[in-house]
Amino acid sequence: MLANKNTKDRILGLDMIRSLAVLLIVFGHGLVFIPPTYHTYYSIFTPPIDGVSIFFVLSGFLIGNILLKIIKTTDFKFRDLFKFWTRRWFRTLPAYFLVLFILIFISSFRPNILSPAGFSPAFFFFSQNLFTQHDPLFFPESWSLSVEEWFYFLIPLTYFLFFKLSKNKKLAVLIPSLFFLLAPLIIRAVCFHLQYNLDTWDVSYRKIVVFKLDCLMYGIIGAYLYKFKNKFWSKYKYISLTIGLNMFALMIIFSKSLIDSLLFTIVLRPCFESLAVLLVLPYFSKLKTIKNNTVAKIITLISLISYSMYLVNLTLVREIMVPQTISLLDHINLNSHLVSVLRYFIFWFYTLSISYLLYRFYEKPITDLRDKLNLNPLSNLIKLSIFFQILFKKFKFRPLKTSSPVSSSIIIVTAINEKFAMPFACMLASLQDNLKSNKKVDLYVLESELSHNTKSRIESSVNSSKINLIWTHIDPQKISSLKISGHITIEAYFRLLISNVLPKTINKILYLDSDLIINTDISRLWETPFQNASILASPESEKNHDFIFSKHGPNLNGQVFNSGVLLIDLKKWRQNHITQKIITYLKKYNQDIVWHDQEGLNAIFADNWTSLSIKWNLLTPMVEECLSPSSISAANRKLYRKSLFNPYIIHFNTCQKPWDPNNKHPYRPLFYYYLDKTDWKGWRPNKNEI
């Protein structure tokens, strides 16, 4: 029902703690339905353990694990901070704001049910109880979420700022942690000493953000021990569990006297409860399964819907839905005890059913969406840029067409097989869409196995008045002895045979790989002068400089080019017998070749090529090196970033292609924009494919 790959990896012990916390909260809120005759026994049923405190420590533990991992494994830049916040807010804010807007709507149109006077814009910023209490008649349960949200915001920010000041990760974590552990305790003690609102401790201390931040910090301490002192964490889990359970037992046994003690209730209780929860965490964090599978499934389900239960149970269900439902029964003469029992069961029924629906159809889809998104700020800016690029293309915001006569054709060569037929059609669509009206392309397609159906689909994807496809069969036996591996096929070597298969009258060609998108008028590249070189090409990404050649290749000190986009002086190619030289080189060092055709091209053209801007061949590794931490030089990182937003050609050159189901390349949407202009319109990858 709710099982998926995420629920299978859950830790049952932590689900137990979360389920216990939310059940204590809902149970406590439902006690108002106990008949008046039983109020004498009310204190017996009132949970002496605060379920919210359990939530706080558990949240600190889970968030601490994520945060400490980020700090340890990254250079802890602002992008890491932004990603952490965004993932947290994706998890907590959508459901919170949905319930908040529902309550605002009810209070606006039915003020007799829920007074609008209690609402404040502060609810949008979680500041309704930052320093003082908020109106307990409007969404009072939101107080604890305010504590968590401010903790999620302040703790990572202070870690980040201290790291920037000290460049020492241990100090950056230690100093803020000690501050947030001790400061709320000291503030509570000072306020207690000053006799500040001692009679209203629940709203004046327990539900104020600045007084409660230390509770979550106990969870961070647990996360640190779990992550970096795991042997200690595991070794003493039974001793720790015993101490923690005894602390809970003391609270239950002496609950009446402890509640009467204002010093304990106001100053020490948050620490005592949080420490008790921390002490039971080692045991439960290692508890993966129990014998009764049905009970385990119920615990997991309650844990999954716990956030929704927290949001809806009090104001929406107890204060609004239950009274409205019971009012429908006013005409029936029911026993008061029966009405109380009915209210109680309706309360639980509404809470569980609404929470399930809210989780199943709202929380979970949004969380799944979060997991699919690339939360890198730069990546999102690129996606925004692509959105506007596509918008402009759809509405044809281009210069008016001129009546210039058609000039000589652009000669383009591409090599494909059946697997790359679809991306090739996509490339053709992008080429055609950006081509000037007075230009025409003669496109030689080098292939050895294409079916008649595939050729027909490709031909139906282009405008023959702009692009003239010339199918050119290649006999792969001529190069069958050359090394192929990974995602590199024999077609990668077809480009080496261009001087043999193209008409002798052609002296200049543009070679393009089929796995790229052309994002500008290709005539701009076609008209670029050679400057005495035999070929024009874009540099390879810095990440791949060290792997470009075998041990026999020339030492080019990183001055190597990518072979996916080549403007070639074919006349010089023939004069210098380039095809023969490259094939001879590749055959001679066949077993040691690392980068296939690209190695042969770089070896022979070592001193005879001119560099193009990387905008003409923006490679996937260049994009990855900008969007994630890497060790590339500052100069190249700056160069790559300049090209991210307006590349002329986007080359999907690694084995990770945009037509793969889980690909996250930021220019993937542009690929599908052009794909939908081909005979493959509407095609999308199936997750079961590949």
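The closest donor-acceptor contact from the side chain of S613 to the backbone of K615 lies under 3.5 Å. At least one donor-acceptor pair under 3.5 Å links the side chain of T414 to the backbone N or O of L512. Using modelled atom types, one side-chain atom of D475 and one backbone atom of Q477 make a donor-acceptor pair closer than 3.5 Å. Using a distance-only test at 3.5 Å, with no hydrogens or angles considered, a donor-acceptor pair links the side chain of S451 to the main chain of T454. Not a single donor-acceptor pair under 3.5 Å links the side chain of Y359 to the backbone N or O of K364. Of the possible donor and acceptor atoms, one in the side chain of K657 sits under 3.5 Å from a partner among the backbone N and O of T654. Looking at D569, its side chain does come within 3.5 Å of a backbone N or O of K571 through a donor-acceptor pair. At least one donor-acceptor pair closer than 3.5 Å links the side chain of T579 to the backbone N or O of L496. A donor-acceptor pair under 3.5 Å links the side-chain atoms of N576 to the main chain of K572, judged by distance alone. Side-chain N or O atoms of K642 include none that pairs as donor or acceptor with a backbone N or O of R637 at under 3.5 Å.
Looking at K69 and K72, their side chains never come closer than 4.5 Å, going by heavy atoms from C-beta outward. Residues P539 and V560 form no side-chain contact, since every pair of their non-hydrogen atoms from C-beta on lies 4.5 Å or further apart. The shortest distance between side-chain heavy atoms of I411 and K508 does not fall below 4.5 Å. Residues I412 and I509 are not in side-chain contact: their nearest non-hydrogen atoms beyond the backbone lie 4.5 Å or more apart. Under the 4.5 Å side-chain criterion, counting only non-hydrogen atoms from C-beta, N562 is in contact with N653. At least one side-chain heavy atom of I522 sits less than 4.5 Å from a side-chain heavy atom of I649. Counting only heavy atoms from C-beta outward, the side chains of N663 and P658 approach each other to under 4.5 Å. Proximity of C426 to I517: side-chain heavy atoms (C-beta onward) are separated by under 4.5 Å at one or more points.
For N463 and Q432, the side-chain atoms include no donor-acceptor pair closer than 3.5 Å. A side-chain donor-acceptor contact under 3.5 Å links N434 and Y674. Remark: the T300 side chain and the R10 side chain contain no N/O donor-acceptor pair separated by less than 3.5 Å. With no hydrogens or angles considered, no side-chain donor-acceptor pair links T620 and Q656 at under 3.5 Å. Remark: the T520 side chain and the R524 side chain contain an N/O donor-acceptor pair separated by less than 3.5 Å. A donor-acceptor contact closer than 3.5 angstrom links the side chains of S303 and D15. For the residue pair E447 / T472, no side-chain donor-acceptor distance below 3.5 Å is found, with atom types taken as modelled.
Nearest approach of S563 to L601, heavy atoms of both residues: CB-CD1, 3.6 Å. In this structure, A429 and K677 approach most closely via the heavy-atom pair CB-CB, 4.1 Å. A pairwise comparison of heavy atoms in P365 and R360 identifies CD-O, 3.5 Å as the closest pair. Taking both residues in full, the closest heavy atoms of Y667 and N646 are given as OH-N, 4.3 Å, listed atom of the first, atom of the second, then distance. Minimum interatomic distance between L502 and R574 (heavy atoms only, all atoms of both residues): O-NH2, 4.0 Å. Contact between I416 and S514 at its shortest, heavy atoms only, is CG2-CB, 3.6 Å.
Ring geometry for F652 versus F671: interplanar angle over 60°, hence perpendicular rather than tilted (30 to 60°). Using cut-offs of 30° and 60° on the angle between ring planes, the pair W89 and W85 is parallel.
Judged as a side-chain contact (heavy atoms from CB on, under 4.5 Å), and not counting sequence neighbours, the contacts of R457 are N453, D679, W680. In terms of the ring-ring contact (aromatic ring centres under 6.0 Å, His included) criterion, residue partners of W573 (sequence neighbours excluded) are, by chain and number, F605. Under the side-chain contact (heavy atoms from CB on, under 4.5 Å) criterion, I70 pairs with I66, T74, F76, D80, F84, not counting sequence neighbours. By the side-chain contact (heavy atoms from CB on, under 4.5 Å) test, K681 pairs with D676, sequence neighbours left out. Applying the side-chain contact (heavy atoms from CB on, under 4.5 Å) test to N65 and every residue at least two apart in sequence or in another chain returns F61, A223, Y226, K227. With sequence neighbours left out, the side-chain hydrogen bond (donor to acceptor under 3.5 Å, both in side chains) criterion links N507 to no other residue.
In this structure, CG in D442 is found 4.5 Å from CD1 in I470, a value given to the nearest 0.5 Å. For the atom pair CD1 of I467 and CD of E459, the computed distance is 12.0 Å after rounding to the nearest 0.5 Å. The NZ atom of K581 lies 14.0 Å from the CG atom of L586; values are rounded to the nearest 0.5 Å. Rounded to the nearest 0.5 angstrom, D513 CG and N617 CG are separated by 8.0 Å. The CD atom of E625 lies 9.0 Å from the CG atom of L619; values are rounded to the nearest 0.5 Å. For the atom pair Y511 OH and I498 CD1, the distance stands at 9.0 Å (nearest 0.5 Å).
With a 6.0 Å radius and a threshold of 12 heavy atoms from other residues, nucleotides or ligands, Q580 has its CD atom at or below the threshold. The environment of NZ in K288 is sparse: at most 12 heavy-atom neighbours from other residues, nucleotides or ligands sit within 6.0 Å.
Using a 4.0 Å cut-off between charged side-chain N and carboxylate O, D521 and K439 make no salt bridge.
Centroid-to-centroid, the aromatic rings of F561 and W609 come within less than 6.0 Å.
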Step by step, would you call L570 with S499 a side chain to side chain contact (heavy atoms under 4.5 Å, CB included)?
CA-CA 7 Å; L570 199 54; S499 63; 4.3 Å; yes
Report the C-alpha distance between Y640 and L644 in whole Å, list the side-chain angles of each, state the deciding distance to 0.1 Å, and finish with yes or no for side chain to side chain contact (heavy atoms under 4.5 Å, CB included).
CA-CA 6 Å; Y640 297 167; L644 281 177; 5.6 Å; no
Could you check E491 against L446 for side chain to side chain contact (heavy atoms under 4.5 Å, CB included), going step by step and ending with a plain yes or no?
CA-CA 8 Å; E491 284 78 16; L446 310 184; over 6 Å; no
List the steps and the verdict of side chain to side chain contact (heavy atoms under 4.5 Å, CB included) for L497 and I583.
CA-CA 9 Å; L497 304 175; I583 292 178; 4.0 Å; yes
